[in-house]
Asker: 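Just passing along the structure, written as structure tokens.
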Protein chains: 2
Amino acid sequence: MHVDARERLIDATTELLPRDGYSAMSPASIQRLARVGQGSMYHHFSGKAELARAALERNADTLMVACEAATRGEGTPVQRVCAYLQRERDPLLGCPVGRVAQDREVVEDERLREPIGEMFAALEQRIAAVLAEDARIDAPTELAAMVVAVLQGAYVLARAAGERGPFDRAIDGATRLLQTIDKGDDR
Amino acid sequence: MHVDARERLIDATTELLPRDGYSAMSPASIQRLARVGQGSMYHHFSGKAELARAALERNADTLMVACEAATRGEGTPVQRVCAYLQRERDPLLGCPVGRVAQDREVVEDERLREPIGEMFAALEQRIAAVLAEDARIDAPTELAAMVVAVLQGAYVLARAAGERGPFDRAIDGATRLLQTIDKGDDR
DNA sequence: GTCTATAACTCGATAGAC
DNA sequence: GTCTATCGAGTTATAGAC
């Protein structure tokens with residue numbers, strides 16, 4: 001079985017984006033990993049930006065699906081959001097999408113920023129909707145933004161520390177705090 | 001009154017680091033802003049990395065001082081931590097220190113990662129110490145990590161969205177949640 | 001559709017005059 | 001201590017053969 005070059009290029013970019021970021025990810029490295037030549041890459045994509053956008057959209061989809069799966073489980077709304085927070089992640093690598101949101105080139109190119117902004121907005125909305133199922137929780141919108149922010153910030157701290165400790169502490173702190181507002185009696 | 005070239009170089013780098021990140025910040029732009037020539041810069045510093053480290057240390061010091069000032073005020077421990085969260089910031093620019101913590105070149109160069117990691121550790125410790133003043137708060141260490149993470153994540157969300165909305169929501173959510181554990185009777 | 005060669009540019013850093 | 005000229009490497013992208 002053999003996937004075509006276009007597909008392999010997106011696969012490779014999907015893998016390299018979180019590792020190198022956008023600016024530091026060179027077309028040469030993509031071509032190497034995808035086992036695709038220079039000319040081939042520029043045949044399928046107009047350039048690095050278009051390829052990165054395709055890969056970002058794919059990574060964003062994957063994360064959205066994972067969020068929906070994690071929050072669809074059993075338990076109170078708060079418990080389901082906590083389950084999402086506790087998901088398996090690789091803190092030292094960085095978030096496959098958020099990792100590049102600090103990159104200046106990305107933020108200044110609307111085509112690249114768009115899929116990232118949309119994913120975070122969708123994540124926030126999804127989590128807010130789950131929390132809103134419990135009518136006694138006020139400000140579900142703000143709590144949802146906080147949940148997404150804790151995750152992204154936890155990645156930043158882990159990378160800055162060179163170890164996952166701060167990541168786990170931050171997630172743990174957020175989980176504990178959320179549980180204190182969970183009355184846990186609406187199942 | 002006239003500051004020497006060395007000082008102007010650090011000043012300029014201090015300003016450019018949060019704006020451009022590390023990789024995208026070129027020595028040429030530093031020289032332009034500092035009104036210092038190429039040769040002069042390489043006379044005072046061994047290169048871009050050494051200059052960036054000096055600037056990062058300065059930015060980290062500034063932020064630590066601001067955190068200590070904000071948490072030294074009136075009110076319960078939780079109120080003082082919330083006051084720190086609510087400090088005036090420029091979400092679309094990015095944190096003067098955390099902004100570069102995602103950069104691969106920075107993370108892989110111990111000389112650059114060190115001052116960043118140390119600042120976050122110090123922030124966490126400071127906030128944990130404040131929260132620990134209230135003996136009824138459990139897991140002050142984890143809550144402190146969460147507070148620092150929320151801030152860093154809020155920056156990420158704002159840059160990804162291209163507007164400060166998500167930043168304000170995340171800070172607001174964290175503030176509200178923290179206030180729910182504040183019994184507010186130990187002053 | 002894929003290849004190789006190379007253009008056009010920018011990067012960080014160095015050399016050597018003054 | 002500061003200047004200008006330049007190096008060598010690496011960048012994204014294009015040209016043109018196959």
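Numbers restart at 1 for each chain; the letters A, B, ... are given by sequence-line order, proteins then strands.
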Asker: Tell me: CD of B/Q31 to P of C/dC11, nearest whole Å?
Answerer: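 Result: 11 Å.
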
Asker: For a quick test of reading the model, state the closest non-hydrogen atom pair linking B/C95 to B/L63 and the distance between them.
Answerer: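 Scanning both residues completely, I find the closest heavy atoms to be SG-CD1, 3.9 Å.
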
Asker: Return the value, rounded to whole Å, for the distance between atom CZ of B/R8 and atom P of D/dG1.
Answerer: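 About 14 Å, once rounded to whole Å.
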
Asker: Excluding sequence neighbours, so at least two apart, what forms side-chain contact (heavy atoms from CB on, under 4.5 Å) with B/D61?
Answerer: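 By the side-chain contact (heavy atoms from CB on, under 4.5 Å) rule, B/D61 matches no residue at all.
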
Asker: Ignoring backbone atoms, establish whether A/H43 has a side-chain N or O less than 4.0 Å from OP1 or OP2 of C/dT2.
Answerer: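 No, because none of the side-chain N or O atoms of A/H43 sits under 4.0 Å from OP1 or OP2 of C/dT2.
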
Asker: What is the distance from CZ of B/R35 to C1' of D/dC3, rounded to the nearest Å?
Answerer: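 Rounded to the whole Å, the gap is 17 Å.
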
Asker: Hey, are A/R72 and A/E68 close enough for a salt bridge, meaning a charged N less than 4.0 Å from a carboxylate O?
Answerer: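 No salt bridge links A/R72 with A/E68.
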
Asker: Roughly, in whole Å, what's the span from CG in A/L9 to C1' in C/dG1?
Answerer: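 Nearest whole value for this atom pair: 12 Å.
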
Asker: Would you say B/L177 ends up clustered with A/V81 if hydrophobic residues are merged whenever their side chains have heavy atoms under 4.5 Å apart, either directly or through other cluster members?
Answerer: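 Yes.
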
Asker: Tell me the salt bridge (Lys or Arg N to Asp or Glu O under 4.0 Å) pairs involving residues 154-171 of chain B, sequence neighbours left out?
Answerer: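 Those involving residues 154-171 of chain B are A/E124-B/R169, B/R164-B/D168.
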
Asker: Does the pair B/D172/B/R176 count as a salt bridge with the N-to-O cut at 4.0 Å?
Answerer: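 Looking at B/D172 and B/R176, the cut-off is met.
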
Asker: Name every residue in residues 99-116 of chain B that has at least one heavy atom under 4.0 Å from any atom of DNA chain D, in order of residue number, or write none if there are no such residues.
Answerer: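 When residues 99-116 of chain B is checked for heavy atoms under 4.0 Å from DNA chain D, there are no hits whatsoever.
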
Asker: Just by protein heavy atoms under 4.0 Å, how would nucleotides 12-18 of chain D read 5' to 3' in B, S and -?
Answerer: SBB----

Asker: Any salt bridge (Lys or Arg N to Asp or Glu O under 4.0 Å) involving residues 40-55 of chain A? Give me the pairs, sequence neighbours left out, ordered by first then second residue.
Answerer: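 For residues 40-55 of chain A, and leaving out neighbouring residues, the salt bridge (Lys or Arg N to Asp or Glu O under 4.0 Å) pairs sorted by first residue read A/R53-A/E57, A/R53-A/E114.
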
Asker: Could I get the full list of side-chain contact (heavy atoms from CB on, under 4.5 Å) partners for A/R80, not counting sequence neighbours?
Answerer: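 Once residues adjacent in sequence are excluded, the partners of A/R80 under the side-chain contact (heavy atoms from CB on, under 4.5 Å) criterion are A/P77, A/V130, A/E133.
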
